[in-house]
Amino acid sequence: MVTDSVLTHLLRRGEYLTDGGALCLGGDCPHCLATVDGVAYVRTCQTPFRQRLSVQAHPAGDLPRLESRGERAPVPARTIHCDVVVIGQGPAGRRAAEEARTDGKHVVTLDSGDGQDAIGIYPGPLVVARTNDSMWQLYPRDEIIVATGAAEIQPVAPGNDLRGLVTARATTVLAAAGVTLGRVVAVGTPPEGVVATSVSGELVRFEPAAADPRRVGAVVLRDSLGTEHSHPCDTVSLGLGLTPRDALLRMARGMNVRGVGDVLLPPDVPPCPLDGTVCPCSGVTVEDLRSVHARGFCELDLVKRATLAGTGPCQGAACVPHIRAFLAAQGADLPTPFTARPVTRQLTLGEVAAGAHHVATPRTALDAEHRALGAHMERLGGWWRPWHYGDVEAEYTAVRTGVSICDVSTLGKMQVSGPDAVALLEHLYPVPISSLATGRSRYVLMLDERGYVADDGLVCRDGDTRFTLTFTSGGSTFAELWVRDWAESLKLDVRVMNQTMSLGAINVTGPRAKELLVRAGVTDPPGFLRHGTATVAGVPCRLFRLSFTGEVSFELHHAAADSVTLWQGLMRLGADLGVRPHGLEALMKLRLEMGHIIVGQDTDFDSTPRRLNHEWAVRLEKPSFVGRAAILRTNKLPLDRQLCMFEMDGNAPAEGATIWLGAEYVGDVTSSTWSPTLGRSVMLGWVRLQPGGNDEPDELPTKVSIDGQHARRVTRRSFDPEGIRARA
Amino acid sequence: MHAPERLHCTRIVATPTALDTAAWPGGAVVLRVAADEALVAAPVELDVVSDPHAIVEPETAFCGVWVEVEEALAFLERECDWELPTERPAFAQGAVAGLPVKLWFAADGDDRVLFVVPAPFVVDFVERWS
Amino acid sequence: MTIRRLRISCPHCGVRAVEEFVHGEIPTIPEGIVEPEARDLDRAFMHTNAEGVVVERWFHAFGCRRWLTLARDTRTNDIPDNRG
Amino acid sequence: MNEAVERLVDLRWPSQVKSAYDVVIIGGGGHGLATAYYLATRHGITNVAVIEKGYIGSGNSGRNTTIIRANYGIPEAVRFYQHSLEMYGRLEQETGRDVMHATKGLLWIAHSEAGVRQERARAEINTAFGSKTEYVDPKTIQDICPQLDMTGQGVWPIYGASYHPSGASARHDRVVWAYAEGAMRLGVHVHQRTAVTGFLRDGDRVVGVETTAGSIAAGVVVSAVGGHVTTLASMVGLRLPIRTHQLQAFVTNRYAQAFGPIVASSGLGVYASQPAKGEMLIGAEIDRAPAYAYDAGHSFLRSCAFRSIALLPFLRDLRVLRQWTGVCDMSADYSPIMGFTGVPNLLVTTGWGTWGFKAIPAGGEQMAELIATGRTPALIAPFALDRFANDRTMADRGSAGTH
């Protein structure tokens with residue numbers, strides 16, 4: 001005897017897991033489904049028996065419960081590149097595999113008898129298979145051979161849900177497995193190697209046994225004269241014809257896939273069903289088919305959708321031949337079966353997830369430093385970043401009154417060099433580039449072709465034909481794609497190196513930032529919006545003088561390998577200056593007091609420079625740059641809304657709070673914070689312009705309400721309006 | 001697998017011809033990551049390539065670890081869905097364990113594979129290896 | 001095998017899964033649209049969205065980080081002239 | 001008799017295609033049929049044909065994940081979808097048909113400070129425009145959905161969520177059939193297996209359609225097709241800001257009801273619900289490259305299963321039954337496009353992307369009003385095609401999500 005399945009093992013002991021129905025033992029029918037080791041809907045005929053396996057019947061008259069057994073070890077995945085995959089190892093499959101091997105091909109075979117089930121053929125082509133210990137992804141170079149054979153047709157007649165009904169092939173298997181069959185009556189093709197009484201005629205019904213109403217006691221057939229004959233029995237063997245298991249072939253149309261053996265058989269069409277259950281999974285009867293047909297559901301897909309026949313665990317294996325026969329009998333052309341979709345053999349989500357990973361979130365070289373300092377880390381802009389170090393107020397105060405450092409390694413950084421570098425940047429940016437002197441930096445918006453702001457950053461000139469560009473953390477990936485695409489499209493002679501990950505960056509900011517840098521060995525710090533090089537605390541750095549916090553700031557770009565040395569050096573040298581790191585939460589507060597926008601947070605999909613009140617960053621007199629035509633076009637239309645700064649007394653409203661002018665909604669808050677320095681809340685938010693009336697132009701509201709509190713729009717920030725601190 | 005260590009490399013972006021004809025330091029592993037870009041696992045002089053506009057920069061954002069070929073292939077069978085090169089030595093790059101990984105298969109006789117992983121993903125790489 | 005749907009052959013790196021790449025469109029503006037502002041509007045928002053073969057760009061984010069250009073049939077995802 | 005069958009509608013198919021109708025609607029999905037239904041019921045316009053190249057509901061109406069919600073990100077969208085959500089609540093009463101409508105509540109989960117900010121904003125704008133949504137803390141989330149792993153496998157911890165108590169679902173096919181039956185009962189013709197091959201023109205004007213069943217003259221032609229709308233529009237030289245993307249989903253076997261709400265996570269890019277038949281229905285975001293292919297992808301199934309287990313660990317032991325793909329028409333600003341096209345007598349309802357099912361009642365009602373009156377109703381005026389030329393796009397962060 002070969003491997004015993006759970007089903008044969010139980011049947012040998014006279015135990016049933018389900019009500020009944022014609023068992024096929026080929027993995028096609030839904031009559032042996034049970035919960036095995038906590039997984040429901042397992043085909044016990046395909047599950048090798050072993051001791052200590054937990055096998056439970058599904059709840060009688062109800063669906064299995066949704067529950068988890070807790071932890072399970074992840075299922076491993078295997079990828080195999082080969083020449084040929086042969087699915088199915090019956091005689092035809094074995095022969096096909098041998099032939100391919102003889103031709104010197106690297107062949108992988110899948111044998112469902114060994115628990116290797118192909119669940120689908122996907123574009124690639126890719127054959128995915130579930131095996132007993134892992135999930136296989138097979139990439140065949142030459143060919144996929146499908147040798148999945150054919151399934152046996154199920155009986156449709158009253159009583160087809162009794163126990164003791166077995167397909168002809170299954171009868172042979174059960175007899176060989178030592179299952180007691182008793183008196184066997186064979187309808188249709190008789191079982192091989194089993195003593196059975198062959199009977200013929202039209203199948204009328206199965207009758208229960210007197211001793212056990214759940215078991216079959218007789219099968220009734222009608223002869224050609226219309227006379228019914230009852231054949232007492234313990235087991236009915238049903239050889240009603242074959243229907244190819246061709247779902248894999250059908251889902252692989254257009255790929256190099258070939259069927260061999262029984263899978264190519266034309267499907268047998270059973271007689272039109274007259275009575276009884278057609279779809280055991282969804283409980284659809286012949287009467288149901290008649291009913292929906294009479295109501296206008298006349299094609300296969302509509303019958304399926306109306307009755308839900310074919311949508312259960314056997315995916316139509318039991319019912320589709322009969323529904324086709326039914327529809328053909330109503331005068332339709334014999335309909336083609338449903339579209340074949342994966343999965344052709346069921347598997348758990350845990351199995352199908354084998355080999356998958358979450359999208360990894362990168363960490364800066366200072367990640368361990370932040371965690372050691374007790375930082376609360378957050379995913380932001382595509383990176384793990386410190387949100388705070390436990391005391392946002394102290395972090396804020398350090399920047400405003402002393403000195404603080406911040407890990408800004410996530411900023412996009414790129415070098416562009418080459419004869420056409422200036423030409424490229426003139427095209428990409430809405431401000432003049434050629435006039436930028438070496439050693440100087442310029443704030444830039446990056447516009448897309450719709451004239452919308454896609455990102456912002458700096459352009460720094462390092463030489464005649466060499467530039468450093470910076471981008472926001474969230475925008476750097478897009479920026480690389482964007483710059484390379486334009487360089488290639490315009491056929492420009494440039495070299496581009498994305499150094500976002502290569503370089504660490506630490507921002508040293510605060511009224512005492514310069515003092516700290518001098519201690520760290522910088523003799524001549526660059527002036528505002530200038531850059532230079534220096535060795536800082538022993539680490540070679542490029543220094544960029546700018547300001548996002550509103551205080552004197554130096555961004556120190558350096559090799560990622562040196563980040564920890566530089567960070568620790570600054571912390572040590574600045575200890576008596578009260579240096580402490582600040583996280584993003586403090587940074588949000590600091591920049592908002594300055595009214596600086598964050599692209600992505602304060603901007604929207606359709607934020608033009610005009611809507612952002614950033615027209616100063618666009619020089620339309622430049623003859624051409626990306627987005628110029630769109631800005632000229634949209635500037636002709638009236639402005640509808642603008643990003644504005646607001647102030648209000650009392651606590652800061654939640655970001656996303658709505659802004660009202662009386663009872664009218666006029667916009668919402670994109671950024672909001674309490675300003676300790678000003679003693680009130682400051683906000684950025686979108687506001688819709690209001691009709692001016694009497695032919696006056698539309699205007700922005702001045703006094704609005706947010707969260708039920710009065711707020712006022714300010715045209716100029718209250719905190720250091722002249723920007724004196726940053727330039728100090 | 002040992003923990004990958006930070007590599008001190010040189011990264012060069014230059015015309016493909018300049019990279020094709022460059023005289024690299026003897027014995028250095030040279031990964032040709034793109035037609036116009038090379039990653040050299042050694043310090044390199046600025047004038048190693050003939051392109052006057054080349055960008056030549058020290059590169060410390062990659063970590064590397066040498067792994068015996070058998071262990072490497074077992075890992076790659078689980079975590080890599082593209083076909084590995086069969087010639088030696090060979091360079092290959094693509095998604096491995098969901099991360100952008102570069103592989104250097106050493107010359108015949110040295111049955112080892114160098115895994116090169118961007119440092120920002122090393123924590124994930126080590127987690128996914130185990 | 002001739003058809004490897006949505007496995008993309010990167011000329012530098014070799015055949016890889018589509019998930020390693022970022023898709024990029026090449027805008028196509030009908031010649032019939034001549035007025036510059038109308039052409040700009042079309043470039044900004046309209047898509048030919050062809051049911052059939054389109055020439056497009058893919059950026060190999062997990063490999064060489066360069067763009068490649070290929071033709072793909074949007075009805076089947078077949079890539080006829082991409083060796084892979 | 002099967003309970004599903006017992007409550008079914010009667011579809012009375014027309015015996016022949018007439019040579020002219022007042023209105024021809026291309027596309028026998030939810031939007032096309034709802035438009036026909038409201039033309040007939042609200043405006044007494046019944047000389048209407050709906051032309052369907054397959055069978056009714058065979059496109060996206062039969063392939064979606066049946067979620068009804070109104071928690072969008074801009075006032076115009078919240079108003080429109082809230083109206084649609086309320087119409088869904090009355091649909092069984094109105095049509096007299098069981099569409100298996102069930103209010104389930106929808107949790108949209110935040111796994112980061114940025115996510116919290118987004119969900120708080122969603123709650124604000126929705127509540128302000130009459131679509132109740134509140135921000136809820138982890139404890140409340142756990143009460144609403146005890147099956148969630150609040151640590152997200154230690155990788156995606158749950159910080160909070162916006163909760164939209166009126167989030168609902170209905171059986172997609174039954175919605176389609178309820179509208180089809182109601183329309184046909186009043187004399188609307190629905191022609192299945194009839195494909196439009198071209199337009200009849202008189203100068204600029206569209207005066208009918210060429211079909212595989214012959215020419216049909218029409219006073220007004222409405223495109224309500226999903227996915228393939230740009231191909232149709234190109235027949236009259238009309239350019240649309242639409243790209244077509246594949247959207248995939250999968251279901252498990254059926255289980256006893258135990259999973260109450262609809263759960264979505266932007267961070268993980270998945271959503272899950274348990275419709276009335278008991279299966280778990282799981283979907284993710286659209287595929288990135290435009291395509292019209294219906295192939296199911298393995299990497300989608302693998303990755304989506306993996307991500308959904310991180311959110312809902314019990315899913316690990318459920319068995320996948322079937323996966324499928326639809327093709328969605330996605331507009332340039334992720335909002336629908338309804339109304340006039342600039343081509344006289346040709347209207348569109350398109351750009352339904354991944355959110356068309358929830359808009360069926362309101363979309364149909366408003367399009368019917370537009371056709372009947374010749375004027376764009378205020379509710380859908382912001383979604384007119386000319387918004388792109390007018391620099392008034394309806395970019396909606398609440399819409400660019402997954403379902």
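Values below: all heavy atoms of this structure, side chains included; hydrogens, waters and symmetry mates excluded. Labels below follow one simple rule: chain letters A, B, ... track the order of the sequence lines, proteins then strands, and each chain is numbered from 1.
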Heavy-atom pairs under 4.5 Å with chain B - which of [options] has more of them than the others?
options                        : value
A/H358, A/M497, A/R466, A/M135 : A/M497
A/G463, A/A354, A/P362, A/A421 : A/P362
A/A356, A/A559, A/G418, A/P76  : A/G418

More than 12 heavy atoms from other groups under 6.0 Å of CD on B/E87: yes
Heavy atoms from other residues, nucleotides or ligands near CD of B/E5 exceed 12 (cutoff 6.0 Å): no
Among the listed options B/E79, B/R128, B/R78, the residue most often paired with chain A at heavy-atom distances under 4.5 Å: B/R128
When B/H8, B/R11, B/E59 are compared by non-hydrogen pairs under 4.5 Å with chain A, the top option: B/R11
Non-hydrogen atoms of chain A under 4.5 Å away: do they reach the side chain of [X], the backbone, both or neither?
X     : value
B/I55 : both
B/R6  : side chain
B/D81 : both
B/A97 : both
B/L76 : neither

Please classify the contact between [X] and chain B as side chain, backbone, both or neither, with a heavy-atom cut-off of under 4.5 Å.
X      : result
A/T364 : neither
A/W383 : side chain
A/V496 : backbone
A/T361 : backbone

B/D124 vs A/R363, side chain to side chain contact (heavy atoms under 4.5 Å, CB included): CA-CA, chis, key distance, verdict: CA-CA 10 Å; B/D124 299 278; A/R363 298 157 197 263; 4.1 Å; yes
Stepwise side chain to side chain contact (heavy atoms under 4.5 Å, CB included) test for B/D51 and A/R495: CA-CA 10 Å; B/D51 176 4; A/R495 324 281 174 269; 2.4 Å; yes
